[in-house]
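The sequence lines fix the lettering, A, B, ..., with proteins before strands; numbering per chain opens at 1. Side chains included, hydrogens not; waters and symmetry mates left out as well; all remaining heavy atoms used.
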Amino acid sequence: MPELPEVEVTCRRIAPLLVGRKIRSVRTTADSYFFLTPPAEVAAALQGRTVSGVSRHGKYLRIEFEGGGCLVVHLGMTGQLFGSGVSSVRLLSATARASLAPEEQTAFEPDSHTHLHLRFEDGGADVYMRDVRKFGKVLVLGPGETHERLERLGIDALEVSGELLFSATRKRAVAIKSLLLDQVVLAGVGNIYADEALFLAGVRPTRRAARVTRKQCDGIADALRGILQRSIETGGSSISDYVAPDGSDGSYQDERRVYARAKQPCFVCGSPIRKTVIGQRGTHYCPSCQK
DNA sequence: ACCGCACCCTGAGCGC
DNA sequence: TGCGCTCAGGGTGCGG
């Protein structure tokens with residue numbers, strides 16, 4: 001489940017495969033709500049364009065073109081952006097990996113979930129976007145054009161401060177966790193990092209936002225920045241049953257304190273971690289450490 | 001303006 | 001073995 005760190009790592013790894021290269025042709029799947037811009041228009045808009053850069057805001061990626069305009073990509077829950085070369089192995093789903101013998105794992109073949117397939121004039125590695133559940137999104141923006149979804153995004157979560165959080169929480173009746181997940185307040189935080197940050201800050205996720213103190217807001221902001229930064233450093237791994245054979249993948253999953261640890265002992269006090277539901281999302285916390 | 005909830009999708013895991 | 005059920009969740013959009 002890609003959140004800010006996973007998107008940042010994807011951004012850094014995909015950039016060398018895109019920047020400076022001219023797109024020769026684009027293959028897409030059939031139209032679906034995955035395509036905010038219809039697939040035929042995406043293909044037409046990308047063909048012949050040269051990528052000038054890749055950037056990220058919150059969980060959104062922008063693949064920018066020389067002469068203006070860009071392709072906006074959101075990975076949703078299961079989105080993957082990767083090249084046909086060395087990086088493909090790490091970015092395939094656990095299922096796809098498990099079904100392949102180790103010696104076969106370098107040969108990715110586009111499947112029905114591969115919604116974009118980019119080929120380049122230089123004949124080098126292809127680039128794929130794959131998304132099994134289609135919660136991801138792609139859209140094309142012309143030069144200077146914007147989109148409401150992007151306009152509304154709050155400050156990137158790596159830049160969050162206690163002051164910002166404090167002012168955003170005033171008069172808000174929602175659970176503090178729901179507020180952290182609100183991309184209009186803060187862009188990039190997802191379910192895992194919200195739970196982890198609230199644990200580190202010692203704040204119970206069900207607490208109403210308006211009742212969180214200024215000091216606690218400072219704690220949450222510090223915890224968020226620290227966790228996101230640390231996760232990027234470790235490769236931005238998300239929670240998964242899969243363990244990379246070579247162990248070279250992101251390892252943040254090994255550092256989580258509460259997420260997906262229901263009934264297991266808290267690392268600080270030993271109390272069993274509790275699981276509840278907030279805003280349709282599984283929520284994990286220590287009943288003793290988080291007030 | 002704000003809040004809670006249904007919904008989009010597919011695969012994994014479970015019980016029978 | 002295989003069916004049917006439940007769960008996972010980012011984000012939108014609806015009704016209250």
**Q** Return the value, rounded to whole Å, for the distance between atom NZ of A/Lys134 and atom P of C/dT12.
**A** 18 Å
**Q** Between B/dC3, C/dG10, B/dC9, which nucleotide gets closest to the side-chain atoms of A/Tyr33?
**A** B/dC9
**Q** Strictly below 4.0 Å: does A/Arg149 bring a side-chain N or O up to OP1 or OP2 of C/dG11?
**A** no
**Q** Which part of the nucleic acid, if any, lies within contact of A/Gly282, taking any heavy atom under 4.0 Å across all strands shown: a base, the sugar-phosphate backbone alone, or nothing?
**A** sugar-phosphate
**Q** When the distance from NE2 of A/His284 to C1' of C/dC7 is rounded to whole Å, what number comes out?
**A** 12 Å
**Q** Between A/Tyr252 and A/Tyr193, is the gap from one ring center to the other below 6.0 Å?
**A** yes
**Q** Quick check: are there more than 12 heavy atoms from other residues, nucleotides or ligands sitting under 6.0 Å from CD of A/Glu163?
**A** no
**Q** Return the 5'-most residue of the pair A/Lys59, A/Val277 with respect to DNA chain C, ranking by each residue's nearest nucleotide.
**A** A/Val277
**Q** We want to know whether A/Asp195 and A/His284 form a side-chain donor-acceptor pair, criterion being a heavy-atom distance below 3.5 angstrom.
**A** yes
**Q** Rounding to a whole Å, what distance do you find between A/Arg281:CZ and B/dC7:P?
**A** 14 Å
**Q** Answer yes or no: does atom CZ of A/Arg211 have more than 12 heavy-atom neighbours from other residues, nucleotides or ligands under 6.0 Å?
**A** no
**Q** Record whether the side chain of A/Arg133 comes under 3.5 Å of the base of C/dA8 through a donor-acceptor pair of N or O atoms.
**A** yes
**Q** On DNA chain B, compare the nucleotides closest to A/Gln280 and A/Phe135; which residue's is nearer the 5' end?
**A** A/Gln280
**Q** A/Leu36 CG to C/dG10 P: how many Å, rounded?
**A** 18 Å
**Q** For A/Leu4 and C/dG11, give me the distance from atom CG to atom P, rounded to whole Å.
**A** 11 Å
**Q** With respect to the phosphate group of B/dC3, does any side-chain polar atom (N or O) of A/Arg172 fall under 4.0 Å of OP1 or OP2?
**A** yes
**Q** Does any nucleotide pair with B/dC3 by Watson-Crick or G-U wobble geometry, both distances under 3.5 Å, and what is it?
**A** C/dG15
**Q** In whole Å, what is the span from the NE2 atom of A/His147 to the C1' atom of C/dT12?
**A** 11 Å
**Q** Is the phosphate of C/dG11, meaning OP1 or OP2, less than 4.0 Å from a side-chain N or O of A/Gln183?
**A** yes
**Q** Check the distance between C/dT12's P and A/Lys137's NZ and give it to me in whole angstrom.
**A** 8 Å
**Q** Ignoring hydrogens and angles, does a donor from either the side chain of A/Arg152 or the base of C/dG11 sit under 3.5 Å from an acceptor on the other?
**A** no
**Q** Output the rounded distance in Å from CD (A/Gln80) to P (B/dG11).
**A** 12 Å
**Q** Considering only B/dA6, B/dC9, B/dG11, which nucleotide approaches the side chain of A/Val132 most closely?
**A** B/dG11
**Q** For A/Arg27, is the CZ atom crowded, meaning more than 12 foreign heavy atoms sit under 6.0 Å from it?
**A** no
**Q** Check the phosphate of B/dT10 against A/His113, side-chain N and O only, distance under 4.0 Å to OP1 or OP2. Yes or no?
**A** no
